[in-house]
Number of protein chains: 2
Amino acid sequence: MTNEAPARRRATIKDVAKAADVSPMTVSNVLNGRLQYVSAATKKRVEREIERLGYRRQANARNLRVAEQRSIGMVIVDESPAFLADFFTCQVVAGLANVLNSADYTLTVQGMRGDQLETSMITRNFEVGGFCAMIAGSGEERRAAIRRLVDLDQPVIVFQEPITLPGADFCAIRQDDRGGGRLIGDHLLARRVEDFLAVVPAQDWPAIEERLAGLRESLAANGGGARLTVIASASESFADVQDVVARHLADHPLPGAIIGANDPIATAAMLYLFDHDVRVPDDVRIVGFNGFEAHRYARPRLTTVDSAAYQLGEQAGRAMLERLESGRFARNECVLPVHFDAGATT
Amino acid sequence: MTNEAPARRRATIKDVAKAADVSPMTVSNVLNGRLQYVSAATKKRVEREIERLGYRRQANARNLRVAEQRSIGMVIVDESPAFLADFFTCQVVAGLANVLNSADYTLTVQGMRGDQLETSMITRNFEVGGFCAMIAGSGEERRAAIRRLVDLDQPVIVFQEPITLPGADFCAIRQDDRGGGRLIGDHLLARRVEDFLAVVPAQDWPAIEERLAGLRESLAANGGGARLTVIASASESFADVQDVVARHLADHPLPGAIIGANDPIATAAMLYLFDHDVRVPDDVRIVGFNGFEAHRYARPRLTTVDSAAYQLGEQAGRAMLERLESGRFARNECVLPVHFDAGATT
DNA sequence: CTGTTAGCGCGTTCAT
DNA sequence: ATGAACGCGCTAACAG
């Protein structure tokens, strides 16, 4: 025999109605602010009973009845289990959640590997009003994931994906990574760098492909005299980055500049050089990408490109709310500018 | 006149049943894996129609019927709009989401200021099966927030809060911040430090109070000969930290050690010292807290205390799932160990 | 193995 | 200004 209290049934609209001696309809009117139909005195009485009974509206029943979802799904497709641990993704999610919350929407986050997309609750059930997605993987994998989401026949926003799907209920929101790559190229070319080494993570991110594309555009526009070598690190971890840099430098001359696909990679490379008595920027120049405050803590301060991840999330939130109200996305693409931030490493 | 396609009604169980020429109940049985009650041939037919019609189960209707919520709410109470941008919180949320997702639960995140707790959707509506909370603010504010959550009469887990609520449907999950503080104190006392300066953010975090408490315990155990001064920085930003450190040092002698409430603060302080030709660790020793990889990028490598934020989230997910199954929390408190990580700054 | 009935809690429609 | 009846989509209980 246990001492647990008997499971008290949660109060419903009916219970409140009975307690306040009105009909359920009147309670509903109070809850939904239809004050035209209810006297001030009744309203007071109903509200007191709501408070007293601790009544809370059953969201499932309401959403079922009004056939609407008050939640947006944020799906993060990534091989890593710590999907959300990525700082960029965090910022995006924070901005998105804030905008949605202030419009009384809820954000449902779900991380998964690419192959889990079809079996996950959030896609097999109908439980959110639309999807926002941050997707890693090869170009093909990403396209497949996007198609699966779009096939769900609900509004879809993807981050950091440079595509448009005309006619689809779809919107791509990203920062101008390609432009950022060009800015880096131009900056280094102006400093007479001729031999570029780019260090990217093995995991394919579309934004990183764009950064490289922009860099290549810059080199090509300059006449094509400069060389670019790209090497991939198993992960973005400190150790893996230093490892791949070490292996490359073992049988290659020092490049004029090392470009990290993001700030942590650039910083790891820089510290490797320090430990081997290479001077920055005198011997090798270093550039990162994304400008998160944490990585500016290293000295000398990294030259980088600031990205507006939080604003990306906010933008997505606004676009989704607008879509839900108006029935369609105002734009199918939205590109936010980046800002070049010259530090002391170039 | 618009060219939009007419809103196609979403397929229901009835539609699938009609198309497969069976009763809705049979479709439901297939969906829920009650294969004992349905022949293989029927199952095939039903599954084909589900696929063909793109049927997805209406979560609201199901949850209403079975009177259960398949989502857990994560509420983050913070004054800052970028609540989720905190790296520690990100890690916790990632671990939590992964555990819940793999049990086919969903995570609903909601950030808010303390005074919004009562008016927010997630608490006014009944829409999640339980709450996990990360709460900032003064001790009083935090207690009030916890009480409000517990009063909702649903399972509640709070992170980083050193309290127990015997008898309540409640569990506190945290790391051993106090132990970490003691480790720091012991480490520095062994190096003959007598004058300690702690730099904390103005925003009250319980974990940070614990770290200071542990530090004080260590000093007291040593005989109380050492002095501890605590100064607060307006925010955790680089600029604010350096500002408050500068102001303090303007009319105080250099302390033997500076203890940052977390790694970013410690790093900001360290870089300030560098810029003023103070040597670390020769003139002043520096210690951080939390051991995030990013902050180890600064040189010399910071002495810090590693925290297992991701595991904290995982632990919460497991505890919540267990609570939902068994009807009560197995433990009302769970403290994860921390690990002292000696770097080059002490 | 399959179908029928009833009702989860809420909001809408129509009546009073 | 308030109430009664109905149904949203789904599933538990029972009948066949």
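First the proteins, then the strands, lettered A, B, ... as listed; each starts at 1.
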Please report the distance, rounded to the nearest Å, between [atom1] in [X] and [atom2] in [N].
X       : N       : atom1 : atom2 : answer
E127(A) : dC10(D) : CD    : C1'   : 15 Å
E68(B)  : dA12(D) : CD    : C1'   : 14 Å
R45(A)  : dA1(D)  : CZ    : P     : 14 Å
R10(B)  : dC10(D) : CZ    : P     : 11 Å
Q58(A)  : dC8(C)  : CD    : C1'   : 8 Å
R62(B)  : dA12(D) : CZ    : P     : 7 Å
K14(A)  : dA4(D)  : NZ    : P     : 11 Å
N60(A)  : dG7(C)  : CG    : C1'   : 15 Å

Of [options], the residue whose pairing with [X] passes side-chain hydrogen bond (donor to acceptor under 3.5 Å, both in side chains):
X       : options                   : answer
S71(B)  : T106(B), T108(B), N63(B)  : T108(B)
R174(A) : E161(A), Q160(A), E333(A) : E333(A)
N60(B)  : E127(A), Q58(A), Q69(A)   : Q69(A)

When we call it a touch if two heavy atoms are under 4.0 Å apart, what does I13(A) touch: a base, just sugar-phosphate, or nothing?
->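 Sugar-phosphate only.
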
May I ask you to say what Y55(B) touches in the nucleic acid, namely base, sugar-phosphate or nothing, with a heavy-atom cut-off under 4.0 Å?
->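 It contacts sugar-phosphate atoms only.
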
Does the ring of F126(A) carry R56(B) above it, NZ/CZ under 6.0 angstrom from centre and within 45° of its axis?
->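 Cation-pi check for R56(B) and F126(A): fails.
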
Measure the CZ-CD1 distance between R57(A) and I50(A) for me, rounded to the nearest 0.5 Å.
->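 The CZ atom of R57(A) sits 9.5 Å away from the CD1 atom of I50(A).
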
From CG (L31(B)) to CZ (R124(A)), nearest 0.5 Å =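 The CG atom of L31(B) sits 8.0 Å away from the CZ atom of R124(A).
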
N-O pairing of [X] and [Y] below 4.0 Å:
X       : Y       : value
E49(B)  : R52(B)  : yes
E47(A)  : K43(A)  : yes
R323(A) : D169(A) : yes

Among the nucleotides dG7(D), dT2(C), dC10(D), which one has an atom lying closest to any side-chain atom of R65(B)?
->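 Nearest nucleotide to the side chain: dC10(D).
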
Considering only side-chain heavy atoms of T12(B), which listed nucleotide, dT2(C), dC10(D), dT2(D), is closest?
->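 Of the options given, the side chain of T12(B) lies nearest dC10(D).
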
Below 4.0 angstrom from OP1 or OP2 of dT2(D), is there any side-chain N or O of T42(A)?
->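 So the side chain of T42(A) is within the cut-off, an N or O lying under 4.0 Å from OP1 or OP2 of dT2(D).
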
Terminal axis angle for the helix from dC1(C)-dG16(D) to dT16(C)-dA1(D), five pairs an end, nearest 10 degrees =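 The end axes of the helix from dC1(C)-dG16(D) to dT16(C)-dA1(D) are about 40° apart, to the nearest 10°.
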
Pairwise 5' ranking along DNA chain C for L64(B) and K43(B), keeping only the more 5' one =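 Looking at DNA chain C, the more 5' nearest nucleotide goes with K43(B).
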
For DNA chain C, the residues among residues 16-34 of chain B that have a non-hydrogen atom under 4.0 Å from it =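 Under 4.0 Å from DNA chain C: V22(B), S23(B), M25(B), T26(B).
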
